[in-house]
A.B. asks: 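Mind having a look at this structure? Questions to follow.
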Amino acid sequence: QVWLVESGGGLVQAGDSLRVSCAGSQLTFTSYAMGWFRQAPGKEREFVAGISWNGVRRYYADSVKGRFTISRDNAKNTVYLQMNSLKPEDTAVYYCAATRRTGYSYSDYDVDGMDYWGKGTLVTVSS
């Protein structure tokens, strides 16, 4: 059974930084592009950032571009999301997800097309 486990969420103030991590097990990590998504209360789950299987291509939602950075360490089966200059509107449950696609195209990170999901980690940004 494939496991994706997020960690690192918490309560921070506006302007602070936070890094969330996602560790994968029971999957060949390099066979998957990885994505971060988020879901705020009362809203649909939305794409935040994605990274290709080899880390060469990265994509970001316009709302986080320039503030968030996605990276991965294939030796550790882990993907990271570094979040800087956090805003109250970044408050959400953050999920990582894996797709068998290469991740070379923005369309590879469609919410409905991801193959595996973690259970999420809550990030709360106070004003």
Side-chain angles (χ1 to χ4, degrees):
Q1 182 177 359
V2 172
W3 288 96
L4 296 174
V5 181
E6 301 93 339
S7 61
L11 172 63
V12 297
Q13 293 188 331
D16 285 352
S17 297
L18 193 67
R19 188 178 80 162
V20 291
S21 304
C22 171
S25 61
Q26 303 303 317
L27 80 168
T28 303
F29 201 67
T30 52
S31 294
Y32 294 83
M34 300 297 296
W36 283 98
F37 299 77
R38 67 186 181 186
Q39 188 165 18
K43 295 189 177 181
E44 293 186 351
R45 193 170 298 189
E46 64 176 3
F47 169 76
V48 175
I51 187 167
S52 62
W53 68 273
N54 56 3
V56 171
R57 300 296 295 270
R58 309 180 193 201
Y59 295 92
Y60 298 93
D62 288 342
S63 58
V64 307
K65 204 170 292 183
R67 299 188 298 124
F68 290 10
T69 301
I70 188 171
S71 61
R72 65 188 295 162
D73 186 338
N74 286 340
K76 295 182 178 179
N77 283 11
T78 301
V79 61
Y80 306 95
L81 185 67
Q82 176 68 43
M83 302 182 288
N84 299 331
S85 303
L86 282 160
K87 305 175 181 180
E89 51 264 43
D90 294 318
T91 295
V93 177
Y94 283 73
Y95 299 89
C96 74
T99 174
R100 292 185 182 90
R101 302 169 187 167
T102 62
Y104 289 159
S105 173
Y106 189 92
S107 62
D108 286 348
Y109 304 99
D110 177 71
V111 170
D112 294 329
M114 304 305 284
D115 293 298
Y116 301 105
W117 290 88
K119 295 186 180 301
T121 184
L122 177 62
V123 174
T124 304
V125 185
S126 64
S127 58

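No experiment lies behind these values; they were computed from the predicted model shown.
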A.B. asks: In Å and rounded to the nearest 0.5 Å, what is the OG1 to CG distance from T99 to D115?
C.D. replies: 5.0 Å
A.B. asks: According to a hydrophobic-cluster definition based on side-chain heavy atoms being under 4.5 Å apart (Ile, Leu, Val, Met, Phe, Trp, Tyr only), do L86 and L81 belong together?
C.D. replies: yes
A.B. asks: Where is the tightest heavy-atom contact between L18 and G10, given as atom of each residue plus distance?
C.D. replies: CD2-N, 4.1 Å
A.B. asks: To the nearest 0.5 Å, how far apart are CE in M34 and OH in Y80?
C.D. replies: 11.5 Å
A.B. asks: What's the shortest heavy-atom distance between L122 and T124, and which atoms?
C.D. replies: CG-OG1, 3.7 Å
A.B. asks: Verify the cluster assignment for I51 and Y94: are they in a single hydrophobic cluster under the rule of side-chain heavy atoms below 4.5 Å apart?
C.D. replies: yes
A.B. asks: Any salt bridge (Lys or Arg N to Asp or Glu O under 4.0 Å) pairs touching residues 83-97, not counting sequence neighbours?
C.D. replies: R38-D90, R67-D90
A.B. asks: Is it possible for you to say whether L27 and Y109 belong to one hydrophobic cluster, with membership spreading through side-chain heavy-atom contacts below 4.5 Å?
C.D. replies: no
A.B. asks: Under a 3.5 Å cutoff, is there a donor and acceptor pairing between the side chains of W53 and Y104?
C.D. replies: yes
A.B. asks: State, yes or no, whether a side-chain contact exists between W36 and M83 at a heavy-atom distance under 4.5 Å.
C.D. replies: no
A.B. asks: In terms of hydrophobic clusters joined by side-chain contacts under 4.5 Å, are F37 and V64 together?
C.D. replies: no
A.B. asks: S107 and R101: which non-hydrogen atoms are nearest, and at how many Å?
C.D. replies: O-NH1, 3.3 Å
A.B. asks: For residues 3-16, which residue pairs qualify under salt bridge (Lys or Arg N to Asp or Glu O under 4.0 Å), counting only residues two or more places apart or in two chains?
C.D. replies: none
A.B. asks: Between Y59 and R57, is any side-chain donor less than 3.5 angstrom from a side-chain acceptor?
C.D. replies: yes
A.B. asks: Mind running side chain to side chain contact (heavy atoms under 4.5 Å, CB included) on S52 and T102 for me, showing each step along the way?
C.D. replies: CA-CA 6 Å; S52 62; T102 62; 5.8 Å; no
A.B. asks: Which distance, rounded to the nearest 0.5 Å, do you find between the CZ of F68 and the CD of Q82?
C.D. replies: 9.5 Å
A.B. asks: Taking all heavy atoms of Y106 and all of A61, pick out the closest pair and write down the distance.
C.D. replies: OH-CA, 4.4 Å
A.B. asks: Name the one of T91, V20, V93 that satisfies side-chain contact (heavy atoms from CB on, under 4.5 Å) with V123?
C.D. replies: V20
A.B. asks: Could you tell me the separation between the CH2 atom of W117 and the SG atom of C22, rounded to the nearest 0.5 Å?
C.D. replies: 11.0 Å
A.B. asks: Quick check on the hydrophobic clustering: are M114 and Y95 connected, directly or via other members, by side-chain heavy-atom contacts under 4.5 Å?
C.D. replies: yes
A.B. asks: Kindly give the heavy-atom pair with the smallest separation between V79 and F29, and that separation in Å.
C.D. replies: N-CZ, 4.1 Å
A.B. asks: Filter on salt bridge (Lys or Arg N to Asp or Glu O under 4.0 Å), then keep only pairs touching residues 117-127, sequence neighbours left out; what's left?
C.D. replies: none
A.B. asks: Can you measure from CZ (R72) to OG1 (T30) and round to the nearest 0.5 angstrom?
C.D. replies: 7.5 Å
A.B. asks: Closest heavy-atom contact between A40 and A92?
C.D. replies: N-CB, 3.8 Å
A.B. asks: Kindly check if the number of other-residue, nucleotide or ligand heavy atoms within 6.0 Å of NZ (K65) is above 12?
C.D. replies: yes
